[in-house]
Amino acid sequence: SLQAEDYRESALASQYHKVVGMNLHSPEFHMAWITGVWIPTGALSKLGAHPELGFQMGYKKKKMNYDLTMALKFINSPNEFYARRPKSDADPELTDYFFGGYIGVDVGRDVYVNGKHEMQITGGIAFDGFTVLEADEDNNMKSASANSYNFNLGMGYRYYLNPSFYLGLKVKYNL
């Protein structure tokens with residue numbers, strides 16, 4: 001009724017429009033449990049695909065999403081490969097050990113919103129890495145890891161089951 005022509009100029013309607021305007025532009029905070037698969041390409045494809053579990057939190061303001069993402073990659077590689085321990089003159093060791101982590105910041109922009117559906121273009125920067133040799137305390141040998149900066153681009157889709165809960169799918173390519 002406050003939006004009807006008869007009440008548009010009333011003090012109550014004015015207050016109503018003020019409150020609605022403030023809430024329409026306030027950020028939405030969110031948290032998510034994430035699961036996925038890390039599938040390396042090129043020379044790293046020998047490491048094989050690994051499941052990934054993580055947590056994401058952030059906020060959305062207008063059509064932009066800003067997220068902090070943390071994830072772990074695990075399960076030993078299906079193929080053995082050679083790795084060398086840091087600061088060691090020892091020969092490379094044959095291993096299939098794999099345990100990794102990821103921490104990064106992602107930014108997304110809504111490109112399509114219709115009812116319960118959202119599609120986004122995403123990009124991010126992160127620190128990504130994995131351990132290939134465990135520490136050997138008995139022989140005073142340190143663990144060996146491969147770490148790098150990560151730049152990624154992708155697409156995301158969200159289906160909102162209700163205003164507080166969504167299921168999402170994100171595909172991204174990591175450089």
Side-chain angles (χ1 to χ4, degrees), residues 30-60 63-114 116-161 165-175:
H30 58 265
M31 296 182 298
W33 292 105
I34 57 175
T35 182
V37 179
W38 180 73
I39 305 171
T41 59
L44 291 178
S45 63
K46 185 165 179 93
L47 296 174
H50 296 276
E52 190 173 49
L53 294 174
F55 180 75
Q56 187 175 62
M57 63 184 197
Y59 72 97
K60 180 175 187 165
K63 293 186 173 196
M64 298 295 294
N65 275 297
Y66 306 94
D67 297 315
L68 172 66
T69 305
M70 296 171 278
L72 296 174
K73 301 182 280 269
F74 51 93
I75 295 186
N76 288 347
S77 291
N79 307 305
E80 291 185 324
F81 55 92
Y82 285 98
R84 186 184 308 267
R85 294 186 188 273
K87 300 177 185 174
S88 171
D89 294 331
D91 290 333
E93 300 175 42
L94 195 59
T95 184
D96 67 350
Y97 183 78
F98 184 96
F99 185 79
Y102 172 101
I103 183 165
V105 176
D106 299 319
V107 177
R109 169 121 175 119
D110 291 347
V111 292
Y112 175 79
V113 177
N114 185 0
K116 295 182 175 191
H117 306 276
E118 279 183 3
M119 289 195 73
Q120 298 178 338
I121 294 175
T122 64
I125 58 173
F127 187 71
D128 200 356
F130 53 89
T131 301
V132 294
L133 292 170
E134 293 183 278
D136 183 351
E137 300 296 331
D138 295 337
N139 295 313
N140 198 26
M141 299 172 89
K142 295 185 178 191
S143 64
S145 299
N147 302 303
S148 71
Y149 294 106
N150 173 308
F151 303 94
N152 57 74
L153 297 168
M155 291 289 296
Y157 169 77
R158 291 180 179 174
Y159 176 75
Y160 284 85
L161 298 172
F165 190 78
Y166 68 84
L167 296 175
L169 176 67
K170 189 181 286 188
V171 177
K172 62 183 179 176
Y173 185 77
N174 299 280
L175 305 171

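All values derive from a computational prediction rather than experimental measurement.
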Donor-acceptor check, side chain of R84 to backbone of A90, threshold 3.5 angstrom: yes or no?
yes

Exercise: do Q56 and T69 side chains pair donor with acceptor under 3.5 Å:
yes

Are F74 and H50 close enough that their ring centres sit under 6.0 Å apart?
no

Which atom pair, heavy atoms only, marks the closest approach of N152 to I125?
ND2-N, 4.4 Å

I'd like to know if the side chain of T131 pairs up with that of S143 as donor and acceptor (distance under 3.5 Å, no hydrogens or angles considered).
no

Correct closest heavy-atom pair for G58 and D67 would be CA-OD1, 3.6 Å

Answer yes or no: is there an ion pair linking K63 with E118, defined by an N-O contact shorter than 4.0 Å?
no

Any ion pair linking E93 and R85 (charged N to carboxylate O, less than 4.0 Å)?
yes

For a quick test of reading the model, state the closest non-hydrogen atom pair linking Y97 to V132 and the distance between them.
CB-O, 3.4 Å

Audit row: W33, L53, side-chain contact (heavy atoms from CB on, under 4.5 Å) steps and yes/no
CA-CA 8 Å; W33 292 105; L53 294 174; over 6 Å; no

Establish, yes or no, whether a centroid distance under 6.0 Å links the rings of Y159 and H117.
yes

Identify the two heavy atoms, one from K46 and one from E80, that lie closest to each other, and give their separation to 0.1 Å.
CE-O, 3.0 Å

Looking only at non-hydrogen atoms, find the nearest pair between S45 and G42 and report the distance.
OG-O, 2.8 Å

Here the gap from T95 atom OG1 to E134 atom CD, rounded to the nearest 0.5 Å, amounts to 8.0 Å

Side chains of Y112 and N114: is there a donor and an acceptor less than 3.5 Å apart?
yes

In Å, rounded to the nearest 0.5 Å, how long is the span from CZ of F81 to CG of L44?
9.5 Å

If you look at every heavy atom in F98 and I75, which pair is closest and at what distance?
CB-O, 3.7 Å

Working for side-chain contact (heavy atoms from CB on, under 4.5 Å), residues V107 and M64:
CA-CA 7 Å; V107 177; M64 298 295 294; 3.6 Å; yes

Which is it for Y66 and V105 under the side-chain contact (heavy atoms from CB on, under 4.5 Å) test, yes or no, and what are the steps along the way?
CA-CA 7 Å; Y66 306 94; V105 176; over 6 Å; no

Within 6.0 angstrom of F127 CZ, more than 12 heavy atoms from elsewhere
yes

Which is it for V111 and I121 under the side-chain contact (heavy atoms from CB on, under 4.5 Å) test, yes or no, and what are the steps along the way?
CA-CA 7 Å; V111 292; I121 294 175; 3.7 Å; yes

Crowding at CG, N79 (>12 non-hydrogen neighbours, <6.0 Å):
yes

Run the salt-bridge test on K142 and D136 with the 4.0 Å N-O cut-off and return the result as yes or no.
no

